[in-house]
Protein chains: 6
Amino acid sequence: MFFHKKELQYLSKPDRPDPVFARQLQEVLGGQFGEISVAMQYLFQGWNVRGNGKYKDLLMDTGTEELAHIEMLATMIARLLEGAPVGDLEKAAQDPVIGAILGGMNVQHTIVSGLGAMPVDSMGNKWNAGYIAASGNLLADFRANLNAESQGRLQVVRLYESTNDRGVKDMLSWLIARDTMHQNQWIAAIKELEAKENVVVPSTFPKELEKQEVSYVLFNFSEGEKSATGRWASGTSMDGLGTFQYVQQPEAYGGKPNLNPAPFYIHNTLPKNLRPSSHTLPPSHM
Amino acid sequence: MFFHKKELQYLSKPDRPDPVFARQLQEVLGGQFGEISVAMQYLFQGWNVRGNGKYKDLLMDTGTEELAHIEMLATMIARLLEGAPVGDLEKAAQDPVIGAILGGMNVQHTIVSGLGAMPVDSMGNKWNAGYIAASGNLLADFRANLNAESQGRLQVVRLYESTNDRGVKDMLSWLIARDTMHQNQWIAAIKELEAKENVVVPSTFPKELEKQEVSYVLFNFSEGEKSATGRWASGTSMDGLGTFQYVQQPEAYGGKPNLNPAPFYIHNTLPKNLRPSSHTLPPSHM
Amino acid sequence: MFFHKKELQYLSKPDRPDPVFARQLQEVLGGQFGEISVAMQYLFQGWNVRGNGKYKDLLMDTGTEELAHIEMLATMIARLLEGAPVGDLEKAAQDPVIGAILGGMNVQHTIVSGLGAMPVDSMGNKWNAGYIAASGNLLADFRANLNAESQGRLQVVRLYESTNDRGVKDMLSWLIARDTMHQNQWIAAIKELEAKENVVVPSTFPKELEKQEVSYVLFNFSEGEKSATGRWASGTSMDGLGTFQYVQQPEAYGGKPNLNPAPFYIHNTLPKNLRPSSHTLPPSHM
Amino acid sequence: MFFHKKELQYLSKPDRPDPVFARQLQEVLGGQFGEISVAMQYLFQGWNVRGNGKYKDLLMDTGTEELAHIEMLATMIARLLEGAPVGDLEKAAQDPVIGAILGGMNVQHTIVSGLGAMPVDSMGNKWNAGYIAASGNLLADFRANLNAESQGRLQVVRLYESTNDRGVKDMLSWLIARDTMHQNQWIAAIKELEAKENVVVPSTFPKELEKQEVSYVLFNFSEGEKSATGRWASGTSMDGLGTFQYVQQPEAYGGKPNLNPAPFYIHNTLPKNLRPSSHTLPPSHM
Amino acid sequence: MFFHKKELQYLSKPDRPDPVFARQLQEVLGGQFGEISVAMQYLFQGWNVRGNGKYKDLLMDTGTEELAHIEMLATMIARLLEGAPVGDLEKAAQDPVIGAILGGMNVQHTIVSGLGAMPVDSMGNKWNAGYIAASGNLLADFRANLNAESQGRLQVVRLYESTNDRGVKDMLSWLIARDTMHQNQWIAAIKELEAKENVVVPSTFPKELEKQEVSYVLFNFSEGEKSATGRWASGTSMDGLGTFQYVQQPEAYGGKPNLNPAPFYIHNTLPKNLRPSSHTLPPSHM
Amino acid sequence: MFFHKKELQYLSKPDRPDPVFARQLQEVLGGQFGEISVAMQYLFQGWNVRGNGKYKDLLMDTGTEELAHIEMLATMIARLLEGAPVGDLEKAAQDPVIGAILGGMNVQHTIVSGLGAMPVDSMGNKWNAGYIAASGNLLADFRANLNAESQGRLQVVRLYESTNDRGVKDMLSWLIARDTMHQNQWIAAIKELEAKENVVVPSTFPKELEKQEVSYVLFNFSEGEKSATGRWASGTSMDGLGTFQYVQQPEAYGGKPNLNPAPFYIHNTLPKNLRPSSHTLPPSHM
């Protein structure tokens, strides 16, 4: 169950409106690695935890905080939109600032949301649940989380570089710091699980059931052998259970596939010299 | 530029058709963490690498291999579909196997693809590019890759548990082994970059520009304090640059937001006692 | 800012696992009118309110409650999934219950989420933000809310009819009651705004700027005149500002459109007798 | 069955081309609440009506009219696109009008549709059927319709404010008037059904089966009590069957959920001290 | 402008309900090549025609007929759904017919649409406008139309093979015949345009501006030379303007790409030995 | 199995950066008819071919080449992005070129991909598998391919007209030439199959099972009879098996549909005078 406090977690006030930046800021609200994504990802992971109370608590703590970040960004975007112009192109174009705004803003911010934030990214793509992961395997999922926080912090930093508004920069410096923490915490949790389970997910699948002769092999499928010089091409594998090998000329072990023709009632193109005879006809043809 | 060899990388032949399993197997072909996703993710990351030849080569090697895995799965699915029935429900239901097949298969495998594999997941969702990440920051992206290989191997393992077909299990054991390698290789590459850059992405953002007082703080937003017992709540932070802290009662630093009313021409609901007067009317009203 | 309490708002425990019903229940969690939709819709409306504190508070109260409903449903689904089988079709089909389960469940519940709830609907479509509305005009938005609660309660009732599990029915009776309240509250808020603004949204657009001769006319575009007998075809209009009329044979006022040919550099099919001459060629052709 | 008349329902001719406005106008053609949405929504509702001829006729009348509105908008957009420039950025930027056009238009209007209208919104999102509702319950669906006409008229009005083109304004004034009618007609139909069935959808679910103690309760989940002052917090409920109550400190009735561990063959992270033993292994491991 | 006649274009009545077939039939209503797709594709092409009255009329004739086909299918699906069961799995599974139905039907047909047709395909994917094409070039678009009618008739034929219901088969035989006509008509229109313009779209692009040395070359990118034996590998090209050639070992003409490093403020991984110096820092760092 | 060569198939180097054109060029990389679409379409068709080695080889040759085209475009886009600015709007607007760039570029090219190409179209829509077709019927699929190459070449030509950059034009002239070949080759393959099978897909469905009286009829559903003057309205049909007819006033053969009411437990609006009685109540109501 959740409770809401009207106060924001941190200040969210720009020095001045900037509808073009409002559109850009949508990326970290409603984009692939925005705050909606991390909130939903952590909460679903948390709700689906079976046992493992410490991790569940961490997921719920962090997922709940991300709801507050959605709120901060929604507020900031609504404020950045305050000066959003509408109006006639010819007139607009006389003022290059207005022309640039009309060109660069998300026009749904006026037509659809009435100067409000939207659950979309910076190109107007609607947020969708294909962005998130919650598998029930915590090591896999914490890696999803570390990835999300890495991509997310990178995007916030790029947005920080794109504005001179001190109010916006102040809020972004909060989000950047929180992403520093979140990367740190998922790394800590990952280390703990890796120490218990070793590094390959899932750790519970019996080693002898995988095709072990290719478990530590780098196949050189792209001409040029620079990849042979990497750590991943020789030495002990990272899980400590094998030795990396580099195969310069990968072979094909599977032979040429030859599929059987489809039954007549599928009406595919039949191979040459194969025409339907009455005994293959379905009942409807008789 | 690419070249294709007709032979498959590994055997891809089931003992017998099984249209219901064909549908399930689509998950690791066209699902969020299926082979299309990793192929596209590695290739786009590779094409976008600026300098860094060793990593580019590794990405192109692996992305190109994943194309071969799409091919193996497509072939296997086409073969599993060979016995796909069509037909009348009442008749079908007299044979519980056929009833279960009609219920459990992807009906587009007969109606749409004519017994061929499709770029969709096990529920029929079409593959889309919102599943992949390629940011230009290699540490972020290798974490995306490690996540994809972790989720992917987990799914292949679950599919391995769901069938008794030895031909299918044989092919899956190949994919599981390759995912073992791919997890190992991304871990190796991540370690290398973390050693150079430290662990927080992006490492190039000046520390003093983030709100450092909250860079290592765990806020207790979910009642209950189990998360306080984790490694992430005390001790040196994973990046070695701070000390984890646990805040039991997080405060709100941002105040209650109060948004200004929208201009009249947006036609939002206006706050009480605020009614339009003629000077706020846009030209079109005069 | 939000706080989470580990206790659920209401009991969420089935009598027994039922993976097929788990899939159906996803509809009201992650479907078009499920709990994710109403939570996101109310919260975005609330964050975007400009002034109007009473309505903002109501939106935040209700949006925050809906987060608790997502949680209840996620928990229930995780529990319904506990018995989810994996396994071989032939064996499965020997037991008609298992055959029906494999056919009728969401197979991603095993392969992808590891027996956890997902942000998808009952057919596996991922939740997306195209389901929600937040326009800044509260009368419009409260109508969106009333619609969502009407469609949502209808779906929960249909699910109630589809199970005999007393634990599930108990939880659904809670959700049905809450939807009763939410329909009532949005009706109350709508009545209040309609009393102030009249019923047509937006009320702030000057009457004289619309084509008033067709503001209260029902055009008979579908042969047959049953619709002429309705309240909407005669008498005073619902806004009290006009009189409903019924037009039996609607006329076309717009003439036949005749579009100008596209410039040559668009490479559309040109109308007969219109072939490019040199003076229409773009620079690149010279 | 349908018949088409080449004449437009109303004039659809701009004073001059304006590719930037063409893109904005797409919102009410192919957006969430655009004409494609209402046409499809009313037609599907109409086709699915079981009995209830008067309502079916009204739905088919209105759905068919909306097809004419799609046509008017498509024509208008094609005409607004007539001057769409292509060309080199540096040259373009010398003329601020052209620079603003290239920035602000939907570039697919030249590259993809060859100066034609598209079934997309103002940000280029493709129309999808997740925008519409047709539930078989007419009171629910008429509320969906009233919502769609409210959001739609609001958007058309905002577009009216954004242009000085008299031809465009003339056409929009037609659409605004028709939306006035459509809001009026759905209100009339809603009133009629509410009078018969009372206001809560579906009205056919037995009152005693819902958890009646919370059917009229407003829970204060967002700190601050402004919502307590609304009509929805006290007095007789809108359906006349209860009394609104306000609960200042909502309790949790559901306890802490505790999910059972997943079976071993799901390969989730297992809770501490729970390690697989041979008797839980699936057959494939033996 | 459109008019609707309540009578269906052709009979649409099954012998008996069959909810599983109802779900399958959705493919040709709301799938990629279903009736919604062709209706929208032809209407948008028609509305966007600039001049060329004969083709515009043909498009509007056919697009309007497809609306009638949507209607026939919607009606048929609603009738097939009449016996759709709800209910408890265990009870259901005692009757294998009901078990198969619950497994094989679209569960949204009960929960969401209340036994009505939906704008979705047979796997429940919502129809979206990414399925259609309207480019302004009629030869390109008529090829899109011929493709759509070919894929569509194939799917209807496969559905015909999948049922024994005479009422359904009767309606499908109508749709199959209409698709015969539609394939014939688009072929006729294509032939006419090809005779005028030659076969390569767009025909208006100056031959000398394309890299003519590879305009008629088949590159052997897939090992094995069976494709060398086809008509496309030797002889005069189909446009009569060149001679087909077969290149057994395709060369790479483009060199190895080497991308410049990104500016510092993008925070990508920098190539080795390239570290930021102060003069590349953006203003925000100073 | 695939191999990658680092060299590009053809040169891919612009004269100078142009982030606005980079965004436009995305259309033919990740749009509906871009290179990802044709690569995936041909490869899936090829993998699903059953027998028919010559066609399979052609599909694999061409699909593999398209991978090289994705690569060329990705490289070109990365290079066009090199000068992408970030920064403050007010400063930007002082320089109209920068203003136009900020307005006209895909902002995700900086925020998300770090100056790399993305699998999206020119409006930022993510590529999805709903764009492609692979039906198992080769005549149908080669028509899909001819359509894709026609739409694709048209788009590349339009992009060629939109730039003065000689490096870009040089690369586009390569792609245009390859599309010339690909249109030619699919036409050749289509002719061959049509000669064997006649022109209507699928050719294997027995003529006598379709409603032959309407197999060659053009119905005049759009007022005006220009379409009667086309080749499709009279003379022998294109398949040589019938005679085209034109029907000026199409009749309705299907009668008015009248759907039965839904069972009570669906909670639809019931027709007048039809109220539930106890014997229709489901068990849960008793």
Side-chain angles (χ1 to χ4, degrees), chain A residues 6-11 53-54 57-58 60-61 64-65 75 78 114-115 130 137 140 143-144 146-147 150-151 154 157 173-174 176-177 180-181 183-185 187-188 200-202 205 210-211 214-216 219 221-222 224 226-227 230-232 237-238 252-254 256-257 259-260 262 266 268, chain B residues 6-11 53-54 57-58 60-61 64-65 75 78 82 114-115 130 137 140 143-144 146-147 150-151 154 157 173-174 176-177 180-181 183-185 187-188 200-202 205 210-211 214-216 219 221-222 224 226-227 230-232 237-238 252-254 256-257 259 262 266 268:
Chain A
K6 294 278 189 316
E7 282 79 13
L8 298 173
Q9 194 193 13
Y10 189 69
L11 299 169
K54 183 175 63 170
D57 195 18
L58 179 63
M60 297 310 298
D61 279 343
T64 306
E65 180 179 7
T75 303
L115 309 188
N137 183 297
R143 287 174 177 174
L146 178 56
N147 174 46
S150 301
Q151 305 279 350
L154 179 61
V157 160
S173 73
W174 176 274
I176 292 167
T180 297
M181 173 58 189
Q183 288 188 41
N184 270 280
Q185 81 186 39
I187 291 172
V200 174
V201 167
F205 188 73
E210 68 181 270
K211 196 76 50 191
V214 293
S215 293
Y216 302 105
F219 290 121
F221 280 114
S222 178
K226 286 193 180 159
S227 65
R231 172 66 185 84
W232 45 78
S237 62
M238 310 315 286
Y253 300 98
K256 265 192 220 180
L259 304 180
N260 295 330
I266 294 295
N268 280 7
Chain B
K6 294 277 187 319
E7 282 78 13
L8 298 173
Q9 195 193 14
Y10 189 69
L11 300 169
K54 183 174 65 169
D57 195 18
L58 180 63
M60 297 310 296
D61 279 343
T64 305
E65 180 179 8
T75 303
E82 266 161 24
L115 309 188
N137 183 297
R143 287 172 177 175
L146 178 57
N147 174 45
S150 301
Q151 305 279 349
L154 178 62
V157 160
S173 72
W174 176 273
I176 292 167
T180 298
M181 173 59 190
Q183 289 188 40
N184 270 279
Q185 81 186 39
I187 291 172
V200 173
V201 168
F205 188 73
E210 68 180 271
K211 196 75 51 189
V214 293
S215 293
Y216 302 104
F219 290 122
F221 280 114
S222 178
K226 286 192 181 161
S227 64
R231 172 66 186 84
W232 46 77
S237 63
M238 309 316 285
Y253 300 97
K256 266 192 218 179
L259 305 181
I266 294 293
N268 279 5

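Protein chains get the first letters and strands the later ones, always in sequence-line order, with residue 1 at the start of each. Scope of the values below: all heavy atoms of this structure, side chains included, with no hydrogens, waters or symmetry mates. Just so it is clear, the model here is predicted, and its values are computed rather than measured.
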**Report entry** Sidechain-backbone polar pair: Gln183(B) side chain, Val201(A) backbone, donor-acceptor under 3.5 Å
**Finding:** yes

Requested in this report: Spell out, as yes or no, whether a donor-acceptor pair under 3.5 Å connects the side chain of Asn147(A) to the backbone of Asn147(B).
Outcome: no

Report summary line: Of all heavy-atom pairs linking Arg143(B) and Ser150(A), the shortest is NH1-OG, 2.9 Å

Report summary line: Among Val200(B), Leu259(B), Thr64(B), Ile176(B), the residue with the most heavy-atom pairs under 4.5 Å to chain A is Val200(B)

Report summary line: Shortest non-hydrogen pair, Lys54(A) vs Lys226(B), comes out as CG-O, 3.7 Å

Query raised in the report: Given side chains that start at C-beta, do those of Phe219(A) and Asp61(B) come closer than 4.5 Å, heavy atoms only?
Result: no

Query - Atom group of Asn184(A) that falls short of 4.5 Å from chain B, counting heavy atoms - result: both

Query - Validation row: Leu11(B), Tyr253(A) side chains within 4.5 angstrom (heavy atoms) - result: no

Query - Residue, of Lys6(B), Lys211(B), Gln9(B), that accumulates the most heavy atom pairs under 4.5 Å with chain A - result: Lys211(B)

Query raised in the report: Going by heavy atoms in the side chains, are Met181(A) and Val214(B) under 4.5 Å from each other?
Result: no

Query raised in the report: Which heavy atom in Ser227(B) sits nearest to a heavy atom in Asp57(A), and how many Å separate them?
Result: N-OD2, 2.7 Å

Report summary line: Given Ile187(A), Leu8(A), Leu146(A), the one with more heavy-atom pairs under 4.5 angstrom with chain B than any other is Leu8(A)

Query raised in the report: Taking every heavy-atom pair that is under 4.5 Å apart, which of Gln185(B), Met60(B), Arg231(B), Gln151(B) has the most such pairs with chain A?
Result: Gln151(B)

Query raised in the report: Which one of Ala252(B), Pro202(B), Ala140(B), Gly114(B) has the most heavy-atom pairs closer than 4.5 Å to chain A?
Result: Pro202(B)

Query raised in the report: Taking every heavy-atom pair that is under 4.5 Å apart, which of Thr75(A), Leu154(A), Asn137(A) has the most such pairs with chain B?
Result: Leu154(A)

**Report entry** Shortest non-hydrogen contact between Ala177(A) and Glu210(B), atoms and distance
**Finding:** CA-OE1, 3.2 Å

Requested in this report: For chain B, find which of Ser173(A), Ala144(A), Gly130(A) contributes the most heavy-atom pairs closer than 4.5 angstrom.
Outcome: Ser173(A)

